[in-house]
Amino acid sequence: MSVVAVGWQAWGMRLATWNVNSVKARLPRLLAWLDENAPDVVCLQETKCRADQFPAAEVEELGYTAAVHGDGRWNGVAVLSRVGVDDVSMGFPGEPAYAGEPDDQQLTLAEPVPQVPEARAIGVTCGGVRVWSLYAPNGRTPDSAHYRYKLEWFAALREALAAELASGTPLVACGDYNVAPTDDDVWDPAVFVDSTHVTPSERQALADLRALGLHDVVPTPMKGPFPYTYWDYRAGAFHKNLGMRIDLFYASADVAGRVRSAYVDREARKGKGPSDHAPVVVDID
DNA sequence: ATGCCATACCCGGTATGA
């Protein structure tokens with residue numbers, strides 16, 4: 001029996017997105033999570049390794065083919081799939097490269113200026129669904145060159161996804177967007193005054209993506225009223241549920257209309273050696 | 001309880017994160 005050939009429309013799919021904060025440091029937990037949750041497709045962010053350092057053989061033993069985009073110690077994205085890996089795109093057309101500017105106080109000589117886009121996006125067709133794993137720039141501070149780069153990156157992403165959606169293919173664009181869509185998506189809006197992740201321009205960038213016909217598949221929180229996906233390692237933030245919803249699952253209308261369930265797997269944030277993000281799991285009929 | 005920074009790079013200190 002081949003699930004690969006039949007695809008999602010007949011069998012349904014379990015998809016997930018997870019910022020693992022280093023795939024090498026997280027490998028034991030990642031493998032255990034794959035084994036326990038049996039997703040068909042997993043989007044990973046912050047893999048923090050070159051493609052040749054990615055533990056492809058280890059995930060292969062669990063039945064997954066890895067499509068990997070990595071350039072070193074920062075960033076890095078991947079898609080794991082057991083329902084096919086086709087048409088892999090490393091980055092997207094028009095994706096900007098970050099370059100610090102002379103007036104950027106945070107640019108130092110120790111920080112090389114990359115001439116090529118960072119490893120923040122990979123697109124893969126899995127069982128008939130176009131899947132993007134995304135890691136948006138942080139932005140650092142609203143007055144920095146990095147913030148302007150963040151907004152440029154979102155604008156270019158919008159154009160690239162618009163072109164793909166025009167073909168009519170089922171599409172999901174999920175990952176760490178580094179933007180909290182509403183004030184309900186941060187534990188205390190007062191803490192984020194004059195900070196990135198909540199500014200009107202960042203939220204408008206998300207609205208511009210939704211205007212393409214992408215739907216925000218909001219997961220069910222497994223505890224508490226808010227579906228946070230990230231909690232800082234420091235100060236017992238997870239224990240006190242001081243979190244943010246910044247890992248988003250955007251889906252075209254045909255996919256969003258077939259969502260059976262979506263939830264934050266906060267179990268994966270517990271215990272020894274977790275990522276600071278929890279996976280978002282989405283089941284599609 | 002879920003528990004109070006972590007990661008890579010390079011080997012003690014820095015850059016980054018949200």
Side-chain angles (χ1 to χ4, degrees), chain A residues 18-30 33 44-55 70-77 98 100 104-114 118-120 134-147 149-151 153-154 175-183 185-199 201-203 205-206 221-224 226 228-248 264-279:
Chain A
W18 192 8
N19 179 323
V20 290
N21 187 16
S22 170
V23 71
K24 289 193 289 183
R26 214 65 57 216
L27 186 59
R29 293 198 56 139
L30 173 63
W33 190 84
L44 302 176
Q45 300 87 36
E46 284 206 85
T47 49
K48 291 186 173 177
C49 66
R50 299 189 309 271
D52 63 286
Q53 298 172 312
F54 192 92
D71 53 21
R73 66 185 293 197
W74 308 119
N75 315 310
V77 287
Y98 173 63
D104 183 357
Q105 299 296 314
Q106 303 192 54
L107 179 65
T108 67
L109 291 175
E111 180 181 10
V113 178
E118 297 170 315
R120 296 185 176 277
L134 304 170
Y135 176 53
N138 173 284
R140 298 182 187 168
T141 60
D143 62 350
S144 69
H146 204 267
Y147 178 82
Y149 159 62
K150 182 178 191 176
L151 295 180
W153 188 88
F154 273 120
D176 182 353
Y177 278 72
N178 268 322
V179 180
T182 74
D183 280 353
D185 296 311
V186 296
W187 76 91
D188 183 2
V191 174
F192 286 86
V193 172
D194 296 326
S195 297
T196 60
H197 295 64
V198 302
T199 65
S201 294
E202 289 167 284
R203 287 174 171 171
L206 296 186
M222 300 302 283
K223 181 185 178 184
F226 303 111
Y228 298 145
T229 64
Y230 161 85
W231 301 261
D232 197 290
Y233 284 122
R234 292 165 285 190
F238 181 63
H239 171 62
K240 293 180 274 193
N241 200 26
L242 304 181
M244 307 174 75
R245 184 172 80 98
I246 54 177
D247 300 274
L248 307 179
V264 180
D265 183 8
R266 58 194 309 288
E267 295 298 314
R269 182 62 177 78
K270 301 177 182 177
K272 180 177 173 56
S275 170
D276 42 3
H277 296 249

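Residue numbers start from 1 in every chain, and the chains themselves are labelled A, B, ... in the order their sequence lines are given, proteins ahead of strands.
For A:Asp194 and B:dA18, the CG to P distance is 19 Å, given to the nearest whole Å. Following rounding to the nearest Å, A:Trp74 (CH2) and B:dC10 (P) show an atom-to-atom distance of 12 Å. Summarising the geometry, the separation between CD1 on A:Ile246 and P on B:dG17 is reported as 12 Å, rounded to the nearest angstrom. As rounded to whole Å, 15 Å separates atom P of B:dT16 from atom NE2 of A:His197. The separation between A:Tyr149 atom OH and B:dT16 atom C1' is 13 Å, rounded to whole Å. In this structure, A:Tyr177 atom OH and B:dG17 atom P are separated by 19 Å, rounded to whole Å. B:dT16 atom P lies 11 Å from atom OH of A:Tyr135, rounded to whole Å. B:dT7 atom C1' lies 12 Å from atom NE2 of A:His277, rounded to whole Å.
Each of A:Asp276 and A:Val23 has a nearest nucleotide on DNA chain B; the 5'-most of these lies closest to A:Val23.
Distances shorter than 4.0 Å separate some side-chain N or O of A:Ser22 from OP1 or OP2 on B:dA8.
Rounded to the nearest 0.5 Å, atoms CG (A:Asn241) and CH2 (A:Trp231) are 6.5 Å apart. The CG atom of A:Asp71 sits 8.5 Å away from the OG1 atom of A:Thr47 when rounded to the nearest 0.5 Å.
Of the C1' atoms belonging to B:dG12 and B:dT7, the separation is 15 Å, rounded to the nearest Å. Rounded to whole Å, the separation between the C1' atoms of B:dC10 and B:dT16 comes to 16 Å. Taking the C1' atoms as reference points, B:dA15 lies 23 Å from B:dC4, given to the whole Å.
Pairs passing the side chain to side chain donor-acceptor pair (under 3.5 Å) check and including a residue from residues 187-198 of chain A, sequence neighbours excluded, read A:Asn178-A:His197.
Remark: A:His277 engages A:Tyr230 in a ring pair (Phe, Tyr, Trp, His ring centres under 6.0 Å) (not counting sequence neighbours). With sequence neighbours left out, the ring pair (Phe, Tyr, Trp, His ring centres under 6.0 Å) criterion links A:Trp33 to A:Trp18. Taking A:Asp52 as the reference, A:Arg50 meet the salt bridge (charged side-chain N to carboxylate O under 4.0 Å, His left out) condition, with sequence neighbours excluded.
A:Glu46 comes within 4.0 angstrom of sugar-phosphate atoms only, judged by non-hydrogen atoms across all strands, and of no base. In this structure, A:Tyr230 reaches the sugar-phosphate backbone alone: every heavy-atom distance under 4.0 Å involves primed, P, OP1 or OP2 atoms, never a base. Among the protein residues, A:Gly72 comes within range of no part of the nucleic acid, since none of its heavy atoms lies under 4.0 Å from any strand. Contacts of A:Asn75 with the nucleic acid, taken as non-hydrogen atoms under 4.0 Å apart, are absent.
Among the nucleotides B:dC9, B:dA18, B:dT7, the one closest to any side-chain atom of A:Lys24 is B:dC9.
Judged purely by atom type and a 3.5 angstrom limit, A:Arg269 has no side-chain atom pairing as donor or acceptor with the backbone of A:Phe238. Looking only at distances, a side-chain donor or acceptor of A:Arg203 sits under 3.5 Å from a matching main-chain atom of A:Thr182.
Ring orientation note: the planes of A:Tyr149 and A:Tyr98 are tilted relative to one another, at an angle of 30° to 60°.
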Could you run down the sub-3.5 Å N/O contacts of the protein with nucleotides 11-13 of chain B?
none

For nucleotides 4-6 of chain B, print each protein N/O atom paired with a nucleotide N/O atom at under 3.5 Å, atom names and distance only.
from  : atom 1 : to       : atom 2 : distance (Å)
B:dC4 : O4'    : A:Gly236 : N      : 3.4
B:dC4 : O3'    : A:Ala235 : N      : 2.9
B:dC5 : OP2    : A:Ala235 : N      : 2.1

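If you check the side chains of A:Lys48 and A:Asn21, you find a donor sitting under 3.5 Å from an acceptor.
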